[in-house]
> 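Here's a structure for you.
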Amino acid sequence: VETDHEDYDKISGKTGFSTLKGDVVKSEQERTLADWLFYNGIPYIYERPYEHPTATADHSQYHPDFYYPTMALYHEHQALDGEGKPPDKFPRYMEKVIWAREQHAHFQTDCIETTSAQMWDGSAFDHLEAEFKKRGVTLDPDPNRPVAGREPLKHGDLVRLFRSFITHAKSNCLSVAELRKRIKAEDFDAFTYRHKLFLALYGPIRNAWDEALTDSDAIDFEDMLNMAGEHLEAGNWNSPYELIMVDEFQDASWA
């Protein structure tokens, strides 16, 4: 799933998505790959011209998506689903995929591929790591590597994001286990892997939050509402009121 382009490269004149390295790439999936490469210390050149001339009356000069100079390795990211098919909106896309493969076979250059389907299920990163290891290159993760392009999410913003998610999840009486069930039950799509990653981070944070409340013999606002609702539904209190008027009702949660 792609959104409108959000960045502009003044040098190349290209529009796209800005990476942490400072490149402007064509798609959000390419940006995710580029940022993963950046964080893991893998030098790359985006869309470097192919080392052999390919320009003809039918084709312009070939520019593979990524080139890894320390491995003399090319990398094409293909918009293919789990069955190896491109989106219907790209009617001639497969012709370009086959043509690119033919160039590498003809000139005997080393090229690997990833697909959209691998990005959706997360296997693209394991695949890349395995291919790099075959060529004697290991990952060098460093989340604090200085960036030249798009700024990563600041810690404070990330904290506020998780706090907001805790509020919404607890207001809807959704435990970590229930959220995991929902992910398993949902139809697989481009966001499923991201949902799983987010929940993998959220689970320990939510558990630590609840443990801190217990240790302090305290409850938060969401607990207060949930516990009050459970108390009422259990019939532990009979309301003397026939009508309750609520102001700002649009802010009311499920609880």
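No hydrogens, no waters, no symmetry mates; every other heavy atom, side chains included, goes into these values. Values in this document were obtained by computation on a predicted structure and should not be read as measured data.
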> Would the number of heavy atoms belonging to other residues, nucleotides or ligands and lying under 6.0 Å from NZ of Lys96 be above 12?
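Not more than 12 within 6.0 Å, no.
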> Please confirm whether Tyr50 and His104 have ring centers closer than 6.0 angstrom.
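Yes: the rings meet the under 6.0 Å criterion.
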> Taking Gln118 for its side chain and Thr115 for its backbone only, find out whether a donor-acceptor pair lies under 3.5 Å.
yes
> Counting only heavy atoms not in Met227 (residues, nucleotides, ligands), do more than 12 fall under 6.0 Å from its CE?
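Count not over threshold, so no.
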> Parallel, tilted or perpendicular: which one describes the rings of Phe198 and Phe165, with boundaries at 30° and 60°?
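Taking Phe165 first and then Phe198, their aromatic rings stand perpendicular (interplane angle over 60°).
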> Which value, rounded to the nearest 0.5 Å, describes the distance between Ile42 atom CD1 and Thr70 atom OG1?
6.5 Å
> Supply the atom-to-atom distance Ser175 OG to Lys181 NZ, rounded to the nearest 0.5 angstrom.
7.5 Å
> Would you please test Ile205 and Ile166 for side chain to side chain contact (heavy atoms under 4.5 Å, CB included) and show each step?
CA-CA 9 Å; Ile205 294 172; Ile166 288 173; 4.2 Å; yes
> For the residue pair Thr114 and Gln29, establish whether any side-chain heavy-atom pair is separated by less than 4.5 Å.
no
> Within a reach of under 6.0 Å around CG of Asp140, are more than 12 heavy atoms found that belong to other residues, nucleotides or ligands?
yes
> Using atom types as modelled and distance alone, determine if a side-chain donor or acceptor of Asp220 lies under 3.5 Å from a backbone N or O of Glu222.
yes
> Would you check if the side chain of Asp35 reaches a backbone N or O of Leu20 as a donor-acceptor pair within less than 3.5 Å?
yes
> In terms of hydrophobic clustering (I, L, V, M, F, W, Y; side-chain heavy atoms under 4.5 Å; direct or indirect links), are Leu80 and Met119 co-clustered?
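Each belongs to a different hydrophobic cluster.
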> What's the separation between atom NE2 in His168 and atom CG in Leu174, rounded to the nearest 0.5 Å?
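Here the rounded value is 11.5 Å.
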> So how far is it from Leu73 CG to Lys134 NZ, rounded to the nearest 0.5 Å?
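That separation rounds to 11.0 Å.
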> For the hydrophobic clusters of this structure (ILVMFWY residues joined by side-chain heavy atoms under 4.5 Å, transitively), does one cluster hold both Tyr202 and Leu161?
yes
> So does His77 get a backbone contact from the side chain of Glu113, meaning a donor-acceptor N/O pair under 3.5 Å?
no
> Work out which heavy atom in Ala117 is nearest to a heavy atom in Gly82; give both atom names and the distance.
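Where Ala117 meets Gly82 most closely, the heavy atoms are CB-N, 3.4 Å.
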> Without hydrogens or angle criteria, can the side chains of Ser123 and Asp121 be said to hold a donor-acceptor pair below 3.5 Å?
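Yes - a donor-acceptor pair under 3.5 Å links their side chains.
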> Tell me which pairs pass salt bridge (charged side-chain N to carboxylate O under 4.0 Å, His left out) where either residue lies in residues 204-216, with sequence neighbours left out.
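Qualifying pairs: Lys170-Asp210, Arg206-Asp210.
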> Keeping Arg182 on the side-chain end and Glu178 on the backbone end, is there a donor-acceptor pair under 3.5 Å?
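The answer is no, because no donor-acceptor pair under 3.5 Å joins these two groups.
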> State the NE2-CG distance between His155 and Asp157, to the nearest 0.5 angstrom.
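Going from NE2 on His155 over to CG on Asp157, the span is 10.5 Å.
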> Write out all pairs satisfying salt bridge (charged side-chain N to carboxylate O under 4.0 Å, His left out) with one or both partners inside residues 74-83, taking only residues at least two apart or from two chains.
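Non-adjacent pairs meeting salt bridge (charged side-chain N to carboxylate O under 4.0 Å, His left out): Glu83-Lys85.
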> By the definition side-chain contact (heavy atoms from CB on, under 4.5 Å), identify the one residue from Glu30, Lys26, Glu28 that meets it with Phe17.
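Running side-chain contact (heavy atoms from CB on, under 4.5 Å) over Glu30, Lys26, Glu28 with Phe17 returns exactly one hit, Glu28.
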> Tell me whether His52 contacts the main-chain N or O of Tyr62 through its side chain, where contact means a donor paired with an acceptor under 3.5 Å.
no
> Going only through I, L, V, M, F, W and Y residues with side-chain contacts under 4.5 Å, is there a path from Trp36 to Tyr68?
yes
> Are there more than 12 heavy atoms of other residues, nucleotides or ligands under 6.0 Å from atom CZ of Phe221?
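No - once you tally the heavy atoms of other residues, nucleotides and ligands closer than 6.0 Å, there are 12 at most.
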> Is Leu201 reachable from Leu197 through a run of hydrophobic residues whose side-chain heavy atoms are each under 4.5 Å from the next?
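They do not share one cluster, since no chain of ILVMFWY contacts under 4.5 Å joins Leu197 to Leu201.
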> What's the shortest heavy-atom distance between Tyr74 and Pro64, and which atoms?
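That closest heavy-atom pairing would be CD2-CG, 3.5 Å.
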> Shortest non-hydrogen contact from Ala169 to Leu179?
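Closest heavy-atom pair between Ala169 and Leu179: CB-CD1, 4.4 Å.
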> What about the rings of Tyr67 and Tyr44, do their centers lie closer together than 6.0 Å?
no
> Going through the distances and angles, do Leu225 and Ser171 end up as a side chain to side chain contact (heavy atoms under 4.5 Å, CB included)?
CA-CA 8 Å; Leu225 292 178; Ser171 293; 5.6 Å; no
> State the CG-CG distance between Asp223 and Leu213, to the nearest 0.5 angstrom.
6.0 Å
> Is it the case that one hydrophobic cluster holds both Trp99 and Val97, taking links as side-chain heavy atoms less than 4.5 Å apart, direct or via other members?
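No; Val97 is not reachable from Trp99 via cluster members.
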> Verify side chain to side chain contact (heavy atoms under 4.5 Å, CB included) between Arg135 and Ile112, making sure each step is shown before the conclusion.
CA-CA 12 Å; Arg135 294 161 178 83; Ile112 59 176; 3.7 Å; yes
> Among side-chain atoms of Arg163 and Thr167, is any donor-acceptor pair under 3.5 angstrom?
yes
